[in-house]
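All figures in this text were calculated on a predicted structure; none of them were measured in a lab.
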Amino acid sequence: MTLCLVGISSLCAQTILKGKDFGMYPNRNDINAAPLMGQLCDSVRTLSQRGEHVTIRLERGTYYFYPEDAPMRRYYISNHDQTNPKRVGIALEGLEGVTLDGRGAELLFHGQMLPVALVGSKDCTLKNFSIDFATPHITQLEIMEKNPEGTKMRVQEGYNWTLEDGVLWTHGEGWKYHADYAIAFDEETRRLVPQTSDMHIPTRQLALTADSLLWAKGWNDARLQEGDLLALRTWNRPAPGVFLADNVRTTLRNVKVHYAEGMGLLAQMCEDIEADGFSVCLRGKKDKRYFTTQADATHFSGCKGTIVERNGLFEGMMDDAINVHGTYLKLVERTDARTIVGQYMHGQSYGFRWGEVGDTVQFVVSRTMELLGQKHVIHSITPVDAPINEGVKQFRITFREELASEIDPAKADVGVENLTWTPRVVFERNVVRNNRARGSLFSTPRKVVVRRNLFDHTSGCAILLCGDCNGWYETGACLDVLIEKNTFINALTNEFQFTNAIISIYPEIPDLAGQKKYFHQNIRIQNNRFETFDRPLLYAKSVDGLSFKDNSVHFNSDFTPFHWNRHCFLLERVKDFRISGTKTRGIVEDVEQDIMRK
């Protein structure tokens, strides 16, 4: 035990717990680190509750985590499949002032597990380790030969598979999947093959050739070339790589997720998160995999304080690099003048805490996404149908003051938004490249800064400002957004949801014609560089206050333009749009004149 200096002058006890003292030795695949880490975490909790600051130290090398004898937890995780219980590799719970320092360790998981969970803790740090799975649940196929009669494919080494009555099944420890959708990657560039999006693959009508290749008779997709890689995927999201819940002041430094079957990082109901050098990335140029996570690289649901994410590399994931939002409850019952029942609506977002006494709430009409009545403060909130973390979907909420009469499910579909659990966001100096869907999503009323990032072949749009009280039920309106000094290289090579331009401001508003107010406000896009083969630069819907200033646009011929949106600026119900100082190359006309208003 040593003494450490914390802050300016306060002394604290600092305890070092080493993995090897609990039987965890690196590079030993005959040692299951999961139960040993469970014992270590129990010791950490005891020391932390005594007021000691603890550092868990591992040695450099590979640690093998198997689901057998791993700790089991019931976690309801936002934007994931609510399958419980979960096998957890490292369960850090109820701690204060604890650091997990991997010192370059690789944590290698088997089967279906939640690698790292930090729950109900304060002032904790995760640093210097990587997460991967021995057998990923995405299987990679290589196009070996194409001819008019069909296509031959090879399942690459490292994946377990069988062909049963012409149907391709992939399997691992405790799981077996059939998938018939894939993302296509170019062999040389590792980018998504243009205009392929989510490809349907005929994995139910295959035969096996004499040289053990898969033969898809009659299938010859002209968009694919020999050598292209197909990441064959399901839509399952059982668990993220790192799960953060109900924490205060969490730091992540130099943590890499090479694969997870859900998000790389999922944080819910946390206050103040700093991620520096957190990456969802390949192992390097020689990595035979072209994909990383099954869904978003990082995802923040119902957080508050400040989220800082910088110096990260996000590549090859099947969704966005970052998504920040809250969750609308749907108003399903009004029991008296001050009391309502609100319900989680999406099948992947329920079961966890939504708010607490003293939180400020507002109401939104789902069809027009307009505010309804005044803001209100929660007096009491209780689960209705199940306890927290046991599958709750409904909450009974009583407010301090009476509600307006129009806040009534009999009169309109209404969403309930918790304004207290909304964060400020700084997303800077990150690299986002070669991924499916979109680059980054933001839905928070507090200040958002997106600065000095490289968005390189994000496939769909690079930045999306959204808001949806009809499908995903993800809040909410952006009121202060600064997008500056970023570089955008060839976004929009594929079409995905909400990807109407490189920067897409796209709230879901079923009745836009009936809307009288505006959803988003005060968005500034300035001093950015756009390198693009196609025309759509900016799409905006329902915005009051939007500027596009001093940006440079270089039009290239890297790909054939194909996007349905043929305008540089497409605006639907936008007030106070200002554009100036745009510098262009590779095009004759003035792009500032190419504005289509609807």
Pair E592-T582, side-chain donor/acceptor within less than 3.5 Å: yes
Backbone N/O of Q82 and side chain of Q348: donor-acceptor pair under 3.5 Å: no
Verdict with supporting geometry, N434 and H457, side-chain hydrogen bond (donor to acceptor under 3.5 Å, both in side chains): CA-CA 5 Å; N434 307 341; H457 291 81; 4.9 Å; no
Pair E417, Q362: side-chain N/O donor-acceptor within cut-off below 3.5 Å: yes
Salt bridge R253-D276, side-chain N to carboxylate O under 4.0 Å: yes
For the student: nearest non-hydrogen atoms of F314 and S279, plus distance: CE2-CA, 4.2 Å
Note: E406-K411 ion pair, threshold 4.0 Å (strictly below): no
Partner residues of Y259 under the ring pair (Phe, Tyr, Trp, His ring centres under 6.0 Å) criterion, sequence neighbours left out: F133, H137
Exercise: do E531 and N556 side chains pair donor with acceptor under 3.5 Å: no
N-O pairing of R436 and D198 below 4.0 Å: yes
Sole candidate of N490, T532, T493 that passes side chain to side chain donor-acceptor pair (under 3.5 Å) when paired with D558: N490
Residue pairs, two or more places apart or on separate chains, that pass side chain to side chain donor-acceptor pair (under 3.5 Å) and touch residues 420-429: T306-R424, R310-E428, D359-W421, T422-R446
